[in-house]
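Quick caveat: nothing in here was measured; it's all calculated off a predicted structure. Just the heavy atoms: all of them, side chains too, but no hydrogens, waters or symmetry mates, feed the values below. Proteins come first, then strands; the chains are lettered A, B, ... in the order of their sequence lines, and each starts at number 1.
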Amino acid sequence: QQQVKQSPQSLIVQKGGIPIINCAYENTAFDYFPWYQQFPGKGPALLIAIRPDVSEKKEGRFTISFNKSAKQFSLHIMDSQPGDSATYFCAANFGNEKLTFGTGTRLTIIP
Amino acid sequence: ETGVTQSPTHLIKTRGQQVTLRCSSQSGHNTVSWYQQALGQGPQFIFQYYREEENGRGNFPPRFSGLQFPNYSSELNVNALELDDSALYLCASSLGGAQGNTGELFFGEGSRLTVL
């Protein structure tokens, strides 16, 4: 119930392409869905987040698509750059700023 | 504005020993959460402290304990270390409480614990 399933585990995309990372959840009590970006040796940093009453949110090159009925959400990165190479985690808030995280996607952008 | 700082950055312990990890929260944040991140995995929630009280705990045994101090800094203590405790321990601070449930956590860079 507390799990968030994330796919793919790794992804290689050419520069300028649009990587898409998918997550699915079961617990309908989750009320906030952030995405975190983590570089090697660093802590996760908040990238973008969405609440379940919204179907899409854009911030710069990053877009979250949210499908409440399917209990799925995804991250799209437009015009991807080598600097976007990192591990991306989806997460879900299960109350008072406590997060359950997906297993992560290692993204590599090839120049 | 000072971000979340953690110490030490790296440490090596042997099985059965005890360890204390420290965290200073971001300025203005009264809530601190601790997460364990095993290699190649997502962070797992250990517990959260709000106003010096434990405010929720994940699926971790009692040998994982914590404290929060009046200045909102926090400690994570792990007793009787096991090999599987080797991980990156992340501290995250947030506004919490009366500021509203934003769900936004700010993470430190972590303390890398190796248990031999």
Side-chain angles (χ1 to χ4, degrees), chain A residues 1-10 21-25 27 29-54 57 59 64 66 73 75 86-107, chain B residues 3-7 9-10 21 23-26 29-51 53-60 72 87-112:
Chain A
Q1 272 259 325
Q2 294 288 60
Q3 282 187 329
V4 176
K5 294 183 180 178
Q6 182 171 349
S7 63
Q9 190 173 23
S10 63
I21 304 170
N22 301 298
C23 286
Y25 64 97
N27 188 347
F30 291 149
D31 60 0
Y32 175 81
F33 299 87
W35 285 88
Y36 281 82
Q37 180 188 56
Q38 186 175 29
F39 292 104
K42 301 290 186 182
L46 179 66
L47 196 59
I48 185 173
I50 197 167
R51 296 202 182 271
D53 53 347
V54 175
K57 185 173 181 181
E59 284 186 6
I64 300 178
F66 192 88
F73 58 110
L75 176 70
T87 300
Y88 292 79
F89 294 96
C90 61
N93 183 49
F94 58 93
N96 294 324
E97 298 163 350
K98 303 178 186 75
L99 298 180
T100 185
F101 283 82
T103 50
T105 297
R106 180 174 285 186
L107 174 65
Chain B
V4 177
T5 57
Q6 293 186 242
S7 63
T9 54
H10 295 83
L21 308 178
C23 171
S24 293
S25 61
Q26 184 161 315
H29 288 185
N30 59 15
T31 301
V32 171
S33 303
W34 286 91
Y35 288 77
Q36 181 195 63
Q37 186 176 21
L39 201 60
Q41 300 295 316
Q44 287 205 329
F45 175 71
I46 302 175
F47 42 56
Q48 181 187 85
Y49 278 84
Y50 170 64
R51 291 185 176 174
E53 297 286 332
E54 187 178 289
N55 183 40
R57 187 180 185 93
N59 189 25
F60 282 81
Y72 304 132
L88 180 68
Y89 287 86
L90 294 163
C91 171
S93 74
S94 55
L95 287 171
Q99 301 296 328
N101 184 13
T102 66
E104 185 169 359
L105 301 185
F106 295 83
F107 284 87
E109 297 197 344
S111 294
R112 171 76 63 189

Item checked: Set of side chain to side chain contact (heavy atoms under 4.5 Å, CB included) partners for A86(A), sequence neighbours left out -> Q37(A), F39(A), Y88(A)

Notebook entry, point to check: Q48(B), Q44(B), R112(B): which one forms the most heavy-atom pairs within less than 4.5 Å of chain A?
Noted result: Q48(B)

Notebook entry, point to check: What do you reckon, is CZ of R106(A) surrounded by more than 12 foreign heavy atoms closer than 6.0 Å?
Noted result: no

Next item on the list: Check whether F94(A) gets within reach of chain B through its side chain, its backbone, both or neither, counting any heavy atom under 4.5 Å.
Entry: side chain

Check: In terms of the angle between their ring planes, are F101(A) and F89(A) parallel, tilted or perpendicular, with boundaries placed at 30° and 60°?
Finding: perpendicular

Margin query: Between F47(B) and chain A, with a heavy-atom cut-off of 4.5 Å, which part of the residue counts as in contact: side chain, backbone, both or neither?
Written below: neither

Check: Hey, what's the ring geometry for F66(A) with F33(A), parallel, tilted or perpendicular (30° and 60° as the breaks)?
Finding: tilted

Check: Judged by modelled atom types alone, do Q38(A) and Q37(B) share a side-chain donor-acceptor pair under 3.5 Å?
Finding: yes

Notebook entry, point to check: Tell me, side chain or backbone of T100(A) under 4.5 Å from chain B's heavy atoms, or both, or neither?
Noted result: neither

Next item on the list: Could you tell me which portion of Q6(A) (side chain, backbone, both or neither) has an atom closer than 4.5 angstrom to a non-hydrogen atom of chain B?
Entry: neither

